[in-house]
Amino acid sequence: MISIHTIIKPSTLQFRPKRPSRKPPKTLAPIHALLQYNRKPQLAGDTPRVVVITSGKGGVGKTTTTANIGISLARLGFSAVAIDADVGLRNLDLLLGLENRVNYTVVEVLNGDCRLDQALVRDKQWSNFELLCISKPRSKLPLGFGGKALIWLVDALKNREEGPPDFILIDCPAGIDAGFITAITPANEAVLVTTPDITSLRDADRVTGLLECDGIRDIKMIVNRVRTDMIKGEDMMSVLDVQEMLGLPLLGVIPEDTEVIRSTNRGYPLVLNKPPALAGLAFEQAAWRLVEQDSMKAVMMEEEPKKRGFFSFFGG
Ligand code: ADP
Ligand code: MG
């Protein structure tokens, strides 16, 4: 793994111009044709798969990833519970448009004021997706709430009458302090979200080490907010560079897309947009790979022989 300190300056990399695109098709291809998938993904690994979505740095897209992958999993036919473990700054409920339906949180469950199923908020449209918040917004991490409490919670989800969910997604807080340690404790696998900038990569590198120390070996990364125009202009690292630096398998590459911000503000996950947004399709593909424990490659595509190729951020 190349250390974060040996980052190659973008100007020294061989960035190559993009070939002019072919004429766009007149009609939109159906989503399955676009994704080139016409089968249901095969669920790999033992269920429930407990996946923590983490990053180290804040604001890189953890909550966006949790919401969109969670809803994608439900759309693919899998049951998922998303736990918002970002206690003080909870906002997963807002992204999902479920904020008015959170009556109880895990704090009330632990205090014996309600049952676990009362704290689970079922999505309006996708009933196999449920949200669980640890506490009320702006509240502090409840005293004594730590890794053991989250393990208890995961066990309680496993032992529900209706059976365990296929996936438990844990939206991790930023930083590497108590909230982070709590959030990663019950996880068996991790999705590390990073943007292609040096600060985010340094934090991602640090978090990878901490996850490995905690015994989480299955770590895949999502590179978010990728801009091909900036990569071409040598102002942003390519996904290939990011992968070389972190040395992690790639779960997905999400382009910078104004639709993400629009959907955040509307409380309507991007993957439900019709027609699908580019970032939404990328999240769907990432969810597919998560199900199958698959990964993608950032590839350099060779283009017209006399012209130079370009680093494509979508791989096979
Ligand atoms: P985190 O949970 O890591 O703090 P969020 O998921 O809350 O990050 O995202 C932070 C902000 O970045 C949000 O306003 C979100 O809309 C925006 N954002 C995330 N991903 C993208 C993207 N691919 N394109 C554009 N904006 C994005
Ligand atoms: Mg967040």
Side-chain angles (χ1 to χ4, degrees), residues 51-72 82-99 102 131-139 141 169-180 182-184 187 190-197 199-204 206-208 211 220-231 236-239 242 250-273 276-287 313-314:
V51 187
V52 64
I53 290 95
T54 184
S55 70
K57 189 169 187 274
V60 296
K62 292 179 293 296
T63 305
T64 308
T65 301
T66 310
N68 284 292
I69 287 199
I71 293 291
S72 295
I83 302 178
D84 190 343
D86 196 346
V87 174
L89 300 168
R90 124 182 168 196
N91 51 21
L92 185 56
D93 53 334
L94 288 172
L95 261 74
L96 292 160
L98 295 174
E99 68 277 13
V102 184
L131 168 72
L132 187 59
C133 298
I134 301 287
S135 66
K136 297 256 153 56
R138 291 186 296 278
S139 59
L141 193 69
L169 305 178
I170 304 171
D171 183 16
C172 191
I176 48 171
D177 52 17
F180 165 80
T182 301
I184 68 169
V191 172
L192 188 77
V193 183
T194 184
T195 50
D197 60 85
T199 50
S200 173
L201 286 170
R202 176 182 281 174
D203 291 358
R206 174 99 176 93
V207 162
T208 307
L211 291 169
K220 295 197 177 73
M221 67 170 177
I222 284 191
V223 186
N224 190 22
R225 308 195 79 153
V226 173
R227 287 183 54 174
T228 35
D229 56 334
M230 287 185 74
I231 295 175
M236 184 178 268
M237 275 173 265
S238 74
V239 176
V242 173
L250 191 57
L251 189 67
V253 178
I254 318 294
E256 171 83 24
D257 191 338
T258 48
E259 282 303 318
V260 177
I261 300 162
R262 198 168 290 139
S263 72
T264 301
N265 292 333
R266 281 167 66 207
Y268 190 75
L270 185 75
V271 288
L272 299 175
N273 273 16
L278 200 56
L281 288 173
F283 275 123
E284 286 225 349
Q285 289 179 325
F313 60 83
F314 287 114

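For ligands, and for the atoms within them, numbers begin at 1 and follow the listed sequence.
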**Q** Determine whether any heavy atom of G59 lies closer than 4.0 Å to an atom of ligand 1.
**A** yes
**Q** If you measure every N or O of T63 against every N or O of ligand 1, does any of those distances drop under 3.5 Å?
**A** yes
**Q** Specify the protein heavy atom at minimum distance from atom 9 (O) of ligand 1: its residue, its atom name, and the distance to 0.1 Å.
**A** T64 OG1, 3.6 Å
**Q** Decide whether the shortest distance between a heavy atom of A67 and an atom of ligand 1 is less than 4.0 Å.
**A** no
**Q** G58 versus ligand 1: do any nitrogen or oxygen atoms come within less than 3.5 Å of each other?
**A** no
**Q** If you measure every N or O of N224 against every N or O of ligand 1, does any of those distances drop under 3.5 Å?
**A** yes
**Q** Regarding ligand 1, does D257 bring an N or O atom to under 3.5 Å of one of the ligand's N or O atoms?
**A** yes
**Q** Do any nitrogen or oxygen atoms of P255 lie less than 3.5 angstrom from nitrogen or oxygen atoms of ligand 1?
**A** yes
**Q** Any nitrogen or oxygen of G61, main chain or side chain, under 3.5 Å from a nitrogen or oxygen of ligand 1?
**A** yes
**Q** With 2.8 Å as the limit, jot down which protein N, O or S atoms are around the Mg ion (ligand 2).
**A** T63 OG1
**Q** By salt bridge (charged side-chain N to carboxylate O under 4.0 Å, His left out), which residues pair with K57, not counting sequence neighbours?
**A** none
**Q** What pairs with D177 under salt bridge (charged side-chain N to carboxylate O under 4.0 Å, His left out), at least two apart in sequence or on another chain?
**A** none
**Q** Which ligand 1 atoms, with their elements, are less than 4.0 angstrom from a heavy-atom of K62?
**A** 1 (P), 2 (O), 3 (O), 4 (O), 6 (O), 8 (O)
**Q** List in chain and number order the residues that pass side-chain contact (heavy atoms from CB on, under 4.5 Å) with A204, two or more places apart in sequence or in another chain; answer none if no residue qualifies.
**A** L192, T194, L246
